[in-house]
There are 2 protein chains.
Amino acid sequence: MLTELTDRQRQTYDAIREHLAHHGVTPKLAELGQALGIQSRGVVHRHVRALVDAGLVEVEPGRHRGIRLAGVVPMPGVMELPLLGRIVAGQPLEAIPDEATIDLGQFFMGPGRFVLRVQGDSMIEAGILDGDMVVVKQVEHAANGEIVVALIDGEEATLKRLRNNRDGSVTLQPANRALAPMIYPASRVQIQGVVVAQLRSYR
Amino acid sequence: MLTELTDRQRQTYDAIREHLAHHGVTPKLAELGQALGIQSRGVVHRHVRALVDAGLVEVEPGRHRGIRLAGVVPMPGVMELPLLGRIVAGQPLEAIPDEATIDLGQFFMGPGRFVLRVQGDSMIEAGILDGDMVVVKQVEHAANGEIVVALIDGEEATLKRLRNNRDGSVTLQPANRALAPMIYPASRVQIQGVVVAQLRSYR
DNA sequence: AACGATAGAGAACATTTGGAGAACGTGCAA
DNA sequence: TTGCACGTTCTCCAAATGTTCTCTATCGTT
């Protein structure tokens, strides 16, 4: 899939992801052009269109900043592991007959998702440790209690639990008793995405 | 097959594969020439054509970077998600340029592995919560400090951190201050596997 | 010495790829 | 609401690239 892209199209794809990593939002065409050294928005648009055709990116037509990362659609059946059962403290393994395998593809993959490596202990009581990966789905609004990636003042990105207060302010609450919740006016907080999954590898 | 090639053709074939391994894409003729010490694109093209006749390589005519390795099915990252960066509390997102995607396959898949759904809070301080999945690799012996699935008296299966004591006994230590460690003679404890990964789905 | 096989340089050409910029309509913020 | 910014489409152009040629050189064999 990546192999049928031209050099410039591949660079465009990388630049979109890099911009998303740095600024928290996908770039506009002029910004993409600046990153790539291209003056013409038309040229950038042609490259983005090629990425859409390749299925790597989605675009909301006409919208400003309308580029979205597309998830690679997994082939069903390829990423399955046997699901043996439920382990209970003090109980033998319990077989689960109806749910014989778990499809990791359905577990994690989807459009507009990306992975972040977590650094720090601010969510440790929610079971998200230093070094864990979180799968984030790009959304602009999240519900109370969801764990979100939030951009504060367009600069600082944090991973916190979200609470929308009645007075219009927003509380970003760490899952760590040593850290205090942060309260901001809604205008200063921009939701970048919600955590849909978490994964950890033991070496 | 390879025996019918001349020295230079064999070197060309190796250079193509090396470029693919190193850069992720097949080389253009000029790049191939540089790797081989050849000035003329025409000469490189002749060598590539010989590889096509030998069935080792395929070419999309006219396309830039049109060389494809024959027999290599381009199944690029069926299970890959973009790995955007590292998120730090209070810091902007930090890009990870060299590690652009995470392959969930390599993360989880492997021989002798299966998945268990965890019930209970006995490992909560190790970031393994009630309802999480753990990927377990079947082994019979584990090292100190590893999280293992252990069978006690052939009946009760538990998920605990392992410690082999000097007197031959085995300590199964929960990651939960409310629960006490359990000490058994080694004869009563059978290791079924070690936890190699953990994953959790929100919603 | 003659010959064929292998290999390289470079010219010439067609096509692909990439870019600039104008023009237009619309989303979006002041 | 209005003005601007932005996405979109278009034409024209230049450079890069693949492709095909011819000419030359080296080496081993007959």
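The sequence lines fix the lettering, A, B, ..., with proteins before strands; numbering per chain opens at 1.
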Sorted by chain and number, sequence neighbours left out, side-chain hydrogen bond (donor to acceptor under 3.5 Å, both in side chains) with Arg161(A) holds for none
Leu36(A) backbone acceptor or donor facing Arg8(A) side chain under 3.5 Å: yes
May I ask you to decide if Asp121(A)'s main-chain N or O and Asp130(A)'s side chain share a donor-acceptor pair within less than 3.5 Å? no
By side-chain contact (heavy atoms from CB on, under 4.5 Å), Gln39(A) pairs with (sequence neighbours left out) none
What residues form a side-chain hydrogen bond (donor to acceptor under 3.5 Å, both in side chains) with Asp167(A), not counting sequence neighbours? Ser169(A)
In whole angstrom, what separates Gln11(A)'s CD from dG18(C)'s C1'? 11 Å
I want to verify a distance call: between dT20(D), dT8(D), dG18(C), whose nearest atom is closest to the His45(B) side chain? dT20(D)
Checking Gln34(B) now: which residues fulfil side-chain hydrogen bond (donor to acceptor under 3.5 Å, both in side chains) with it, not counting sequence neighbours? none
Rounded to the nearest Å, what distance is computed from the CG atom of residue Leu36(B) to the C1' atom of nucleotide dA7(C)? 12 Å
Would you say that Gln198(A) contacts Leu199(B) through its side chain, given a criterion of any heavy-atom pair below 4.5 Å between the two side chains? no
Take the protein atom CD of Glu60(B) and the nucleotide atom C1' of dT19(D), then report the distance between them rounded to whole Å. 16 Å
Looking at residues at least two apart in the chain, or sitting in another chain, which of them share a salt bridge (Lys or Arg N to Asp or Glu O under 4.0 Å) with Arg177(B)? Glu125(B)
Measure CZ/Arg65(B) against C1'/dT16(C) and give the value in whole Å, please. 13 Å
dT20(D) phosphate, OP1 or OP2: any side-chain N/O from Arg49(B) under 4.0 angstrom? yes
Out of dA20(C), dT8(D), dG8(C), which nucleotide sits closest to the side chain of Val43(B)? dG8(C)
Backbone N/O of Leu5(A) and side chain of Arg10(A): donor-acceptor pair under 3.5 Å: yes
Taking only the side-chain nitrogens and oxygens of Thr6(A), find out if one of them lies under 4.0 Å from OP1 or OP2 of dG18(C). yes
Using a heavy-atom distance cut-off of less than 4.0 Å, which residues of residues 27-34 of chain A contact DNA chain D? Lys28(A), Leu29(A)
Check side-chain hydrogen bond (donor to acceptor under 3.5 Å, both in side chains) between Arg65(A) and all other residues, then give those that pass, not counting sequence neighbours. Glu31(A)
Side-chain atoms of Arg41(B) come closest, of dG7(D), dA7(C), dG18(D), to dG18(D)
Under 4.0 Å, heavy atoms only, any strand: does Gly42(B) hit a base, just the sugar-phosphate, or nothing? base
For a quick check, tell me whether the side chain of Arg8(A) and the base of dG18(C) share a donor-acceptor pair closer than 3.5 Å. no
N/O donor-acceptor pair, side chain Ser40(B) with base dG8(C), under 3.5 angstrom: no
Starting from P on dA15(D), measure out to CD1 on Ile38(A) and report it in whole angstrom. 16 Å
NZ/Lys160(A) to CD1/Ile147(A) distance, rounded to the nearest 0.5 angstrom? 11.0 Å
Base contacts versus sugar-phosphate-only contacts with protein, heavy atoms under 4.0 Å: please encode nucleotides 22-30 of chain D as B, S and - from 5' to 3'. ---------
Could you tell me whether the side chain of Leu162(A) reaches within less than 4.5 Å of the side chain of Ile191(A), counting heavy atoms only? yes
Can I get a per-line list of side-chain donor-acceptor pairs under 3.5 Å for residues 46-57 of chain B, giving both atom names and the distance, sequence neighbours left out?
none

What N/O pairs connect the protein and nucleotides 25-30 of chain C at under 3.5 Å? Give each pair on its own line.
none

Starting the side chain at C-beta, find the nucleotide from dG8(C), dT8(D), dA9(C) nearest to Gln39(B). dA9(C)
With Pro185(A), which residues qualify under side-chain contact (heavy atoms from CB on, under 4.5 Å), at least two apart? Ser187(A), Arg188(A)
End axis versus end axis in the helix from dA1(C)-dT30(D) to dA30(C)-dT1(D), the angle rounded to 10°, five pairs used at each terminus: 30°
